Amino acid sequence: MTEEESEAMYRKAMATLPNKQHTCTVCGGTGEVANTTVRPRTGLTGSSEGQCDTCHGNGSFRTPSGYDAVCPTCGGLGGRKTTTCRSCQGRGYVLGW
């Protein structure tokens, strides 16, 4: 087998292997830049400025079975994410070998 054939087989094998998901080291898997979650403004009735769109500033929500659960969107902070991690595009993981 020639070196060119060996290289071609290696490239073909590497192309068929699935990429593994690794936790993003820049954001630590959160998908956002640290300390950029806007806390909801308090004391204003009817104001939704800075509130999480999922839990509406509560930080939790009631599941269909009746339990309280931490909001997966804001992580219980009640605020809206403002800066998405550029390294992982907000997914919280990167693809690699």
Side-chain angles (χ1 to χ4, degrees):
M1 181 181 295
T2 67
E3 188 175 334
E4 291 174 349
E5 292 173 333
S6 177
E7 179 69 26
M9 287 181 62
Y10 175 77
R11 286 185 188 178
K12 185 177 180 179
M14 294 306 284
T16 59
L17 290 175
N19 285 332
K20 294 182 181 177
Q21 293 180 358
H22 299 281
T23 302
C24 179
T25 56
V26 175
C27 67
T30 62
E32 64 182 54
V33 178
N35 301 320
T36 60
T37 300
V38 176
R39 299 243 183 213
R41 295 181 69 180
T42 56
L44 301 173
T45 30
S47 174
S48 64
E49 185 176 339
Q51 288 183 353
C52 172
D53 295 328
T54 304
C55 68
H56 306 289
N58 294 323
S60 64
F61 66 98
R62 189 161 302 269
T63 64
S65 57
Y67 295 100
D68 284 336
V70 175
C71 177
T73 305
C74 68
L77 296 175
R80 186 176 292 143
K81 289 196 317 187
T82 57
T83 307
T84 302
C85 176
R86 288 184 181 183
S87 178
C88 65
Q89 289 86 36
R91 293 184 308 244
Y93 64 89
V94 293
L95 297 176
W97 302 100

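Computed from a predicted model, the values in this text were never measured in an experiment.
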- prompt: Where is the tightest heavy-atom contact between Val33 and Thr84, given as atom of each residue plus distance?
  reply: CG2-O, 4.1 Å
query: Which pair of heavy atoms, one from Cys88 and one from Val94, lies closest together, and at what distance?
result: CB-CG1, 4.0 Å
- line: Those residues at least two apart in sequence (or on a different chain) that pass side chain to side chain donor-acceptor pair (under 3.5 Å) with Ser65 are Thr63
field: Heavy-atom pair with the smallest gap, counting every atom of Cys52 and Cys71
entry: SG-SG, 3.8 Å
With Ser60 via side chain to side chain donor-acceptor pair (under 3.5 Å) - residues at least two apart: none
Gln51 versus His56, closest heavy-atom pair with distance: OE1-O, 3.3 Å
task: May I have all residue pairs that pass salt bridge (Lys or Arg N to Asp or Glu O under 4.0 Å) and include part of residues 56-66, sequence neighbours excluded?
output: Arg62-Asp68
statement: Taken to the nearest 0.5 Å, the spacing of Arg91 CZ from Cys27 SG works out to 10.0 Å
